[in-house]
Amino acid sequence: MFRIAARSAASQTARYTRSFSVTAPFRQAAETAAAPAAADGDAKITKIVDQIAKLNLLETASLVSALKTRLNISDVVMAAPASAPAASGAPAAAAGAAAAAAAPEKPAEQTSFKVTLAAFDAAAKAKVIKEIKALLPGASLVEAKKFVEGAPKVVRDSAPKEEAEKIKKLLESVGATVTLE
């Protein structure tokens, strides 16, 4: 049969503490990071940094959560483009902002268009009805006639640029007035 060894929470925590303790390279990096604080002469900060550098992974996680609770800090995900200039330094961020301000922004090119039948030539009404019937899926001849007579009407909404221009050329060739919006 299987034996389940009962361990106390303290022994499990001790086991995890030993397995996740900060290794020597990380301690060296933390001590190197503490060197600028010592150069400033602030002994209190240096002492805190040294104490934090000696913590293991579980203790560090507990410290972070306690600080978030005490200082009322919520977890906020920062966008990558916003954090990239901040990481590179203030002078680089200022230069990037100046370059962005100097370059005029081009308006975004419109990719979808609304094709509207604005008007039609009375002599070419039959041709326009025939083309509208072909453009509207499932439309009968009567529905196409009512559609044309009710102009201005939207023929196609959110059409790509190429399709919108094709529809405009087709309808204008049979005597209709078409607008793209």
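Residue numbers run from 1 in the order of the sequence given.
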Handout entry: R156 and its side chain to side chain contact (heavy atoms under 4.5 Å, CB included) partner, picked from L180, L117, V115, L136
Key = V115
Handout entry: Heavy-atom check, side chain of T116 versus side chain of V155, under 4.5 Å
Key = no
Practice task
State, with a plain yes or no, whether a side-chain heavy atom of F120 is found less than 4.5 Å away from one of V148.
Solution key: yes
Handout entry: Within one Ile-Leu-Val-Met-Phe-Trp-Tyr cluster: I132 and L141, side-chain cutoff 4.5 Å
Key = yes
Exercise for the section: Hey, could you give me the CD1/NZ distance between I129 and K146, rounded to the nearest 0.5 Å? Expected result: 12.0 Å
Handout entry: Flag side-chain contact, heavy atom, 4.5 Å: K125 against E149
Key = yes
Exercise for the section: Please report the C-alpha distance between I167 and V178 in whole Å, then the side-chain angles of each, then the deciding distance to 0.1 Å, and finally whether the side-chain contact (heavy atoms from CB on, under 4.5 Å) criterion is met. Expected result: CA-CA 9 Å; I167 293 171; V178 180; 5.6 Å; no
Problem - N/O donor-acceptor pair under 3.5 Å between E131 side chain and V128 backbone - result: no
Problem - Atom pair NZ (K168) and OG1 (T177), whose distance is rounded to the nearest 0.5 Å - result: 10.0 Å
Handout entry: Shortest non-hydrogen contact from G175 toward A124
Key = CA-CB, 4.2 Å
Problem - Between NZ on residue K166 and CG on residue L135, distance to nearest 0.5 Å - result: 9.0 Å
Handout entry: Any side-chain heavy-atom pair of L67 and I73 under 4.5 Å
Key = no
Handout entry: Heavy-atom check, side chain of F113 versus side chain of E181, under 4.5 Å
Key = no
Exercise for the section: Calculate, to the nearest 0.5 Å, the distance between atoms CD1 and CG belonging to I45 and D50 respectively. Expected result: 11.5 Å
